[in-house]
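None of these values were measured; they are calculated from a predicted model.
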Amino acid sequence: MDSIFLQRMRENRKWYLIMSIVYGGAFTFCLYRNLSGITFPVITAVSLWFSVLFLRKAGITFQKGTMGYFAGILLLGISTVLTDSGFFHFFNSVGIILLFMMAMAHQLYKDSDWGFTEYVKKFFIMLWTWLISVGELFRGRERNAEVKTDAAVTDDNVDTAGENTGVRKKKWKNAGPILLGILAAVLMLIIVLPLLMMSDEIFLQIFRRLFSFLNPLRFMRKIDFGNIIGVVFTFLFGMTALYAFFAGLFRLNLGGTDQKKPGSSNYVTGITFTGIMAAVYVFYSGIQILFLFLRLDSGLPEGVTYSQYAHQGFWQLLFVSIINFITVLVCAKIFEDNRILKILLTVISGCTCIMILSAAYRMVLYVNEYNLSFLRVLVLWFLIVLMIIFFGVIYSIFRKEFRLFRYIAAVVSVCYILFSFSRPDSLIAEYNIRNVNETEETDLYYLMYLLSEDAAPQIAQIAPEQLEESGVKDAVEQYFRNISTENEETSLRAWNYSRAEAAKAAEEWLSEK
């Protein structure tokens, strides 16, 4: 049986559909070919406003804890317009979707009772329900209303009413499935037809003649059909995504609590396993402390370069740290509660923290020798986050009621938002320019073409004589001319702080040249 919230949505289908259409229009205006402009935080705020309206229409009161999720979503929206980095544009959007799902789950469910594994499992259920609920767009009004209408028919006109109702039902019964099939076919053809045209020249020529026949007038030839298809697709995506999400959310198929049953496996097995692993990790950690951390002034072993040393152990330590994170969680869940086992799991976690510090130190050595890159900054950020997460893991070993998933979600959210607002491409350019005596061509090309335009104001600070000596002045000039040209016709809708600052720096550099 469907939940009361889904029934209310079906009863008020017209209102939800109209609001979804309005949202689809706003979604298209803000995001069509403009995923990082000033309208991005606007559609973020609009999405939150529509979600509140949808909840209220279903009779769901706004929960206080939801404001924290909304604040994170708005900050990610603002961060997107402050940077030109495609990495942050993508992962800000991912973060917004995940935080929004958590906020809506918090609205309808008692998520405080969900454990780590339960939260992950129900997230996947929510995603799947979101997808399969697209069909709700083409569903008619709630059947109960039809039943009441039929029951109100009197004996005098029962035959006529029954006949008319039957004709009407036959007429509209298949309307929804037909529309859904047409929509699916159109979306599929948008992808398939170009591929078919590229695969067969005869097929391509036939379609060219067909469109030539259908489009004989000059003014029609000026129409950008690709643009029209893009606008329609964006509109349908925004409208459908909102309606289907709440239709799936209102199904209430995520109910129940995570039954935090004590582990049933024999703790002796757990002690044996973790004891062996702890012994190996303690030995390895001792080596790191004695021969790495306590010999900071002695440099590297003879015959080993910084590059070899950093790559020799960094990725392996990172991989082992992730394995240990999973191992500690699994052991704490499946084995019987035991004090010795908890101590051994704590030892493994502590040794993992030492491994994380070792990996970070190796990366610092590498940066000191070869300067910063985005990947190196990202790795250092990840190690910091992983270290903070392990503090929560250690605490959860002794406090079973500790909400580890929400702790991890909070740590990752806060750290990522701070990372996003830091605009690391700008920091990388500033660090590398400041810490090199001579600007080499390859280093400058990395800053110009492998980083976003966040780095442009820093590149503009390089002294002209330094560029002359390196023979890269012409390349820098072309770089700034490209930036100036790309930003000449930027509309207000597509305004981006980072690109605006890059254009300003380009104009100043070119005027002083």
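By the 4.0 Å N-to-carboxylate-O rule, Glu11 lies too far from Arg8 to be salt-bridged with it. Between Arg10 and Glu136 there is a salt bridge, since a side-chain N of the basic residue sits under 4.0 Å from a carboxylate O of the acidic one.
Counting non-hydrogen atoms of other residues, nucleotides and ligands closer than 6.0 Å to OH of Tyr407 gives a total above 12. The number of heavy atoms from other shown groups lying within 6.0 Å of OH (Tyr497) does not exceed 12. The number of heavy-atom neighbours closer than 6.0 Å to CD1 of Ile125, taken from other residues, nucleotides and ligands shown, is above 12. More than 12 non-hydrogen atoms from other residues, nucleotides or ligands lie less than 6.0 angstrom from OH of Tyr449. For Phe319, the CZ atom counts as loosely surrounded, since its 6.0 Å shell holds 12 or fewer non-hydrogen atoms of other residues, nucleotides or ligands. A 6.0 Å sphere centred on CH2 of Trp49 holds no more than 12 heavy atoms belonging to other residues, nucleotides or ligands.
Using a 4.5 Å heavy-atom threshold, the side chains of Met101 and Leu127 count as touching. Between Met448 and Leu444, some side-chain heavy-atom pair lies under the 4.5 Å cut-off. Contact check for Phe421 versus Ile78: side-chain heavy atoms found under the 4.5 Å cut-off. Taking the side chain as every heavy atom from C-beta outward, Ile38 and Asn496 never approach each other to under 4.5 Å. Here the side chains of Ile384 and Ile356 are not in contact, with every heavy-atom distance at 4.5 Å or above. In this structure the side chain of Phe40 never reaches within 4.5 angstrom of the side chain of Cys30, judged on heavy atoms. Taking 4.5 Å as the limit, every side-chain heavy atom of Leu372 sits out of range of all side-chain heavy atoms of Asn435. The shortest distance between side-chain heavy atoms of Met239 and Thr28 does not fall below 4.5 Å.
The OG1 atom of Thr327 lies 7.0 Å from the CE atom of Met277; values are rounded to the nearest 0.5 Å. Atom OG1 in Thr39 sits 4.0 Å away from atom CG in Asn34 (nearest 0.5 Å). The distance from the CD atom of Gln461 to the CZ atom of Arg434 is 13.0 Å, given to the nearest 0.5 Å.
Separation of the Phe123 and Tyr119 ring centroids falls under the 6.0 Å cut-off. A ring-centre distance under 6.0 Å is not found for Phe100 and Tyr69. For Phe91 and Tyr416, the gap between ring centers reaches or exceeds 6.0 Å.
Judged purely by distance below 3.5 Å, without hydrogens or angles, the side chains of Asn324 and Ser349 never pair a donor atom with an acceptor atom. Under 3.5 Å, the side chains of Ser47 and Tyr23 contain a donor-acceptor pair of N or O atoms. For the residue pair Asn432 and Tyr446, no side-chain donor N or O sits within less than 3.5 Å of a side-chain acceptor on the partner. Under 3.5 Å, the side chains of Gln107 and Thr66 contain a donor-acceptor pair of N or O atoms. A side-chain donor from one of Arg251 and Ser133 sits under 3.5 Å from a side-chain acceptor of the other.
Judged by distance alone, with hydrogens and angles left aside, the side-chain atoms of Ser396 form a donor-acceptor pair with the main-chain N or O of Val393 at under 3.5 Å.
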Decide ring pair (Phe, Tyr, Trp, His ring centres under 6.0 Å) for Phe54 and Tyr16; before the verdict, give the C-alpha distance in whole Å, the side-chain angles of both, and the deciding distance to 0.1 Å.
CA-CA 7 Å; Phe54 273 42; Tyr16 280 101; 4.9 Å; yes
Given side-chain contact (heavy atoms from CB on, under 4.5 Å), test Asp337 with Lys342 step by step and report yes or no.
CA-CA 8 Å; Asp337 197 20; Lys342 289 180 178 179; 2.8 Å; yes
Set out, in order, the CA-CA distance, both residues' side-chain angles and the distance that settles side-chain contact (heavy atoms from CB on, under 4.5 Å) for Leu249 and Phe246, then state yes or no.
CA-CA 5 Å; Leu249 184 71; Phe246 281 94; 4.0 Å; yes
Apply ring pair (Phe, Tyr, Trp, His ring centres under 6.0 Å) to Phe235 and Phe27, showing your working.
CA-CA 7 Å; Phe235 171 79; Phe27 185 87; 9.5 Å; no
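Evaluation of the salt bridge (Lys or Arg N to Asp or Glu O under 4.0 Å) rule for Asp84 yields Arg499 as partners, not counting sequence neighbours.
In plain terms, the two heavy atoms of Ile271 and Leu344 that are nearest each other are O-CD1, 3.6 Å.
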